[in-house]
A.B. asks: 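Here's a structure for you.
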Amino acid sequence: MERITSTGNKFIKEVRELEKKSRARRDSGLFIAEGERLCSEIPAEEIVRVFVTSDYKGRLPKGMVTDKDGHAAGTRSGKVPVFEVSSQVMEYMSDTKTSQGILAVVRQKHYSALSGDFFIILDTLQDPGNMGTVFRTAEAAGVDGIVMNRNCVDIYSPKVVRATMGAMFRMPFLICDDLSAEILRMKRHGVSVFAAHLKGNKNHWEFDYTGPTAFMIGNEGNGLSDEIASLADSYLRIPMKGETESLNAAVAATVLMYEAVRQRA
């Protein structure tokens, strides 16, 4: 296992670029996953290289094996370069306050189409925490896929990757250049599209979600754009007491997803 002790190493510089610049991630088709739990979720075939500290004793990415000395040594399906780095270099590489001793460079996965009958549509969602919560909740609720426009927060940014807690490796998602066209395509295939909207005059539980269903979730500050909202088949409302005007985007998505789960059960 090659040991790296200098922050000037080309692979260390690459990690920093991928962490800091969306263009570097976009041009290379790579991103960074950091921490024991997250790295343990990475499919072996998506791993490009792994960095560990000499004292790392946690879980390795799926399929990764250790050599006779207990060090990470690639995967069962092929060789993955594994580098041992000093604690100082790992801290330099880390995007978190306290490194967990493992970091991986990972290939991005791009879906050309989604299948199923239960979807979430995201219109310019910007908060990394919200994006991560939507992914985790969608997986837990049995959603078949997430559709989003390119104005959403970068799914491969370190903050979003951490926030998904591994759900991004299992939840199919489609990033669209033309979200309206994708919604119209879904509707032609029989998917009913619902939007929480001020014009909604029926509560969210008054609709039928047992058939092919998609829920629209808009930007945290501005909600759905007029163009996207106009494509909904139905407007609904999530009733609220007190003086609260709106729910957090991820919370609203959760309420809607689990109403569909309740009905489908």
Side-chain angles (χ1 to χ4, degrees), residues 22 25-26 29 31 33 38 41-43 46 106-196 204 209 211-220 223-225 227-229 231-233 236 247-261 264:
S22 59
R25 295 191 292 270
R26 185 171 60 250
F31 70 101
L38 187 58
E41 301 278 359
I42 307 170
E46 305 299 337
V106 189
R107 294 183 185 88
Q108 296 179 14
K109 188 166 186 176
H110 298 286
Y111 296 85
S112 57
L114 302 177
S115 60
D117 70 349
F118 189 11
F119 304 98
I120 295 295
I121 298 169
L122 303 179
D123 178 15
T124 318
L125 200 70
Q126 287 290 296
D127 182 76
N130 279 337
M131 182 67 80
T133 299
V134 169
F135 263 77
R136 297 198 311 274
T137 307
E139 181 185 15
V143 169
D144 293 308
I146 297 173
V147 180
M148 68 186 81
N149 60 2
R150 292 198 181 276
N151 292 327
C152 285
V153 62
D154 181 5
I155 187 67
Y156 292 112
S157 72
K159 288 183 179 179
V160 176
V161 172
R162 287 197 300 273
T164 69
M165 296 178 66
M168 65 177 296
F169 297 125
R170 299 178 294 272
M171 172 57 58
F173 59 93
L174 188 63
I175 302 174
C176 304
D177 292 314
D178 188 340
L179 185 59
S180 295
E182 181 59 25
I183 293 171
L184 291 172
R185 188 197 68 78
M186 294 170 72
K187 293 175 67 171
R188 288 195 298 271
H189 283 79
V191 178
S192 295
V193 180
F194 299 89
H204 68 283
Y209 308 130
T213 296
F215 294 117
M216 292 177 169
I217 304 297
N219 174 266
E220 290 85 352
L224 292 166
S225 66
E227 176 187 1
I228 297 303
L231 299 177
D233 294 301
L236 56 84
L247 294 176
N248 169 279
V251 171
T254 299
V255 170
L256 298 178
M257 283 187 269
Y258 270 91
E259 175 59 21
V261 169
R264 291 173 174 223

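Please read all numbers here as calculations on a predicted model, not as lab measurements. Keep in mind that the numbers below use all heavy atoms, side chains included, and drop hydrogens, waters and symmetry copies.
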A.B. asks: Using the ring pair (Phe, Tyr, Trp, His ring centres under 6.0 Å) rule, take Tyr209 and Phe215 through it: C-alpha gap first, then chi angles, then the decisive distance, then the call.
C.D. replies: CA-CA 10 Å; Tyr209 308 130; Phe215 294 117; 4.9 Å; yes

A.B. asks: Looking at Lys187, I'd like to know if its NZ atom is crowded, meaning that more than 12 non-hydrogen atoms belonging to other residues, nucleotides or ligands lie closer than 6.0 Å.
C.D. replies: yes

A.B. asks: Does the Glu220 side chain pair with the main chain of Leu125, one donor and one acceptor, at a distance under 3.5 Å?
C.D. replies: no

A.B. asks: Can a salt bridge be assigned to the pair Arg264 and Asp117 using a cut-off of 4.0 Å between side-chain N and carboxylate O?
C.D. replies: yes

A.B. asks: Checking Asn149 against Thr124: is there a side-chain donor and acceptor pair closer than 3.5 Å?
C.D. replies: yes

A.B. asks: Could you grab the distance from atom CZ of Arg150 to atom SG of Cys176, nearest 0.5 Å is fine?
C.D. replies: 8.0 Å

A.B. asks: Donor-acceptor check, side chain of Thr137 to backbone of Val134, threshold 3.5 angstrom: yes or no?
C.D. replies: no

A.B. asks: Do side-chain atoms of Asn130 reach the backbone of Ala249 as a donor and acceptor pair under 3.5 angstrom?
C.D. replies: no

A.B. asks: NE2 of His189 to OG of Ser115: how many Å apart, nearest 0.5 Å?
C.D. replies: 11.5 Å

A.B. asks: Identify whether the distance between the nearest side-chain nitrogen and carboxylate oxygen of Arg107 and Glu46 falls below 4.0 Å.
C.D. replies: no

A.B. asks: Could you grab the distance from atom CE of Met168 to atom CZ of Phe173, nearest 0.5 Å is fine?
C.D. replies: 5.0 Å

A.B. asks: With rounding to the nearest 0.5 Å, note down the distance linking CD1 in Ile217 to CG in Leu224.
C.D. replies: 7.5 Å

A.B. asks: Are Arg136 and Glu139 close enough for a salt bridge, meaning some N to O gap below 4.0 Å?
C.D. replies: no

A.B. asks: Checking side-chain polar atoms at under 3.5 Å, does Asp154 have a donor or acceptor matched by the opposite partner on Ser22?
C.D. replies: no

A.B. asks: Let me confirm one number: the CD1-CG distance from Ile228 to Asp123, rounded to the nearest 0.5 Å.
C.D. replies: 5.0 Å

A.B. asks: About how many Å separate CZ of Phe119 and CD1 of Ile183, when rounded to the nearest 0.5 Å?
C.D. replies: 12.5 Å

A.B. asks: Is the backbone of Ile175 close enough, under 3.5 Å, to the side chain of Glu182 for a donor and an acceptor to pair up by distance?
C.D. replies: no

A.B. asks: Answer yes or no: is there a side-chain heavy-atom contact under 4.5 Å between Arg25 and Ser157?
C.D. replies: yes

